[in-house]
S.K.: 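Quick one: the structure is below, and I'll ask about it shortly.
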Number of protein chains: 2
Amino acid sequence: MATITDKEKIREASCQEELVAMRDSIEILGGKWKLRIMRYLANRIAQKNHFKKILREIDGISAKMLAKELKDLEINLLITRTVQETKPIMVEYAITEYGKTVLPVTETLVQWGLNHRQRIKE
Amino acid sequence: MATITDKEKIREASCQEELVAMRDSIEILGGKWKLRIMRYLANRIAQKNHFKKILREIDGISAKMLAKELKDLEINLLITRTVQETKPIMVEYAITEYGKTVLPVTETLVQWGLNHRQRIKE
DNA sequence: GTAAGTGGTTACCTTGAGTTAACTCTTCTC
DNA sequence: GAGAAGAGTTAACTCAAGGTAACCACTTAC
């Protein structure tokens, strides 16, 4: 039992890599709002999503947090911000192609949340 | 355009439900450590995972945080805590069947993290 | 007897995530 | 001229997340 095979070493190393990868994901996508915003935008991909609309429709978020989280997401190239030169200026937010790669994450979280709620009921 | 069809209403409602489900998931699984601990335990399902071992192998976590997070996870029935009546007392932590339902979440996060790191390199 | 390993706890502290509320500035409408 | 709606910003604050370090009790090995 004291001997550790190479196979075990390799397996151990890949496990550590997984944990590092998760740390990275959590750093970028973690927090109370980022994934909820991403999901919101993904659900309304055909619509014009401007600031006040998102603010109204994501329950509980404040203007300050929304502004900050949108900035963070834009920096990480997950969403785009485009200013429309309309009379009352409008800013449109949209998910990028790269941003769509986080949708599997939101999907599993939605499914788990629904399932968990069901389980609590019983 | 002013009229909103019933179909649109239903779709809108289900989107809101998704966001609520995500909020629930993030409340329970959010933070810096919980999902990493779950992944760690899932990767070592055949082994005896005692406190000090987990503490050593999850990089960066403190004893205080580990104790707290393990308690939280146990309360939510995601892991079990069993005391082994050995000479130096040992406590074994293991993922539950229900705990395994969060593995799809960790898996998508691992994949996204690996993919993101690759993308940063280029 | 002392060091090291088991499983934590406790106290103290810092940081930053997040909230609330007020305010800017512009343009349109009443 | 007042109010509302667009897109935020700013200041002041709270509070929980998280880190650091010391400590406890027990047992075995040296």
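Just so you know, these numbers use all the heavy atoms, side chains as well, and skip hydrogens, waters and symmetry mates. In the text below, chain A, chain B and the rest are named by the order of the sequence lines, each starting its count at 1.
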S.K.: Only counting residues at least two apart or in another chain, list the ones meeting salt bridge (charged side-chain N to carboxylate O under 4.0 Å, His left out) with B/Glu17.
M.R.: none

S.K.: Can you list, by residue number, the residues of residues 31-51 of chain A that have a non-hydrogen atom closer than 4.0 angstrom to DNA chain C?
M.R.: A/Gly31, A/Lys32, A/Trp33

S.K.: Using the side-chain contact (heavy atoms from CB on, under 4.5 Å) criterion, which residues pair with B/Met65? Sequence neighbours excluded.
M.R.: B/Trp33, B/Ile61, B/Ser62, B/Glu69

S.K.: Could you pull out all residues at least two apart from A/Ala63 that satisfy side-chain contact (heavy atoms from CB on, under 4.5 Å)?
M.R.: A/Phe51, A/Leu55

S.K.: Is A/Arg81 near enough to D/dG8 that one of its side-chain N or O atoms lies under 4.0 angstrom from OP1 or OP2?
M.R.: yes

S.K.: List in chain and number order the residues that pass salt bridge (charged side-chain N to carboxylate O under 4.0 Å, His left out) with A/Arg39, two or more places apart in sequence or in another chain; answer none if no residue qualifies.
M.R.: A/Glu107, B/Glu18

S.K.: Sorted by first residue and then second, give each salt bridge (Lys or Arg N to Asp or Glu O under 4.0 Å) pair with at least one member in residues 48-64 of chain A; sequence neighbours left out.
M.R.: A/Arg44-A/Glu57, A/Lys48-A/Glu92

S.K.: Rounded to whole angstroms, how far apart are CD1 on A/Ile61 and C1' on D/dG8?
M.R.: 13 Å

S.K.: Using the side-chain contact (heavy atoms from CB on, under 4.5 Å) criterion, which residues pair with B/Ile79? Sequence neighbours excluded.
M.R.: B/Met38, B/Leu41, B/Leu70, B/Leu73, B/Glu74, B/Tyr93

S.K.: In whole angstroms, how far is the P atom of D/dC26 from the CD1 atom of B/Ile89?
M.R.: 11 Å

S.K.: With A/Lys68, which residues qualify under salt bridge (charged side-chain N to carboxylate O under 4.0 Å, His left out), at least two apart?
M.R.: A/Asp72

S.K.: Would you give a per-nucleotide map of nucleotides 21-30 of chain C, 5' to 3', where B means the base has a protein non-hydrogen atom under 4.0 Å away, S means only the sugar-phosphate does, and - means neither?
M.R.: ------SS--

S.K.: What pair of heavy atoms forms the shortest contact from B/Ile26 to A/Arg36, and how long is it?
M.R.: CD1-CG, 4.3 Å

S.K.: Using a 4.0 Å cut-off on heavy atoms, which residues in residues 67-80 of chain B reach DNA chain C? List them by number, or say none.
M.R.: B/Ala67, B/Lys71

S.K.: Do any side-chain nitrogens or oxygens of B/Arg56 fall under 4.0 Å of OP1 or OP2 in C/dT6?
M.R.: yes

S.K.: Just distance, no hydrogens or angles: give the donor-acceptor pairs under 3.5 Å from side chains in residues 114-122 of chain B, sequence neighbours left out.
M.R.:
residue	atom	partner	partner atom	Å
B/His116	ND1	A/Tyr98	OH	2.5
B/Arg117	NE	A/Asp24	OD2	3.3
B/Arg117	NH2	A/Asp24	OD2	2.9

S.K.: With B/Lys100, which residues qualify under salt bridge (charged side-chain N to carboxylate O under 4.0 Å, His left out), at least two apart?
M.R.: B/Glu97

S.K.: Given D/dT20, C/dG7, C/dT20, identify the nucleotide with an atom nearest to the side chain of A/Ser62.
M.R.: C/dT20

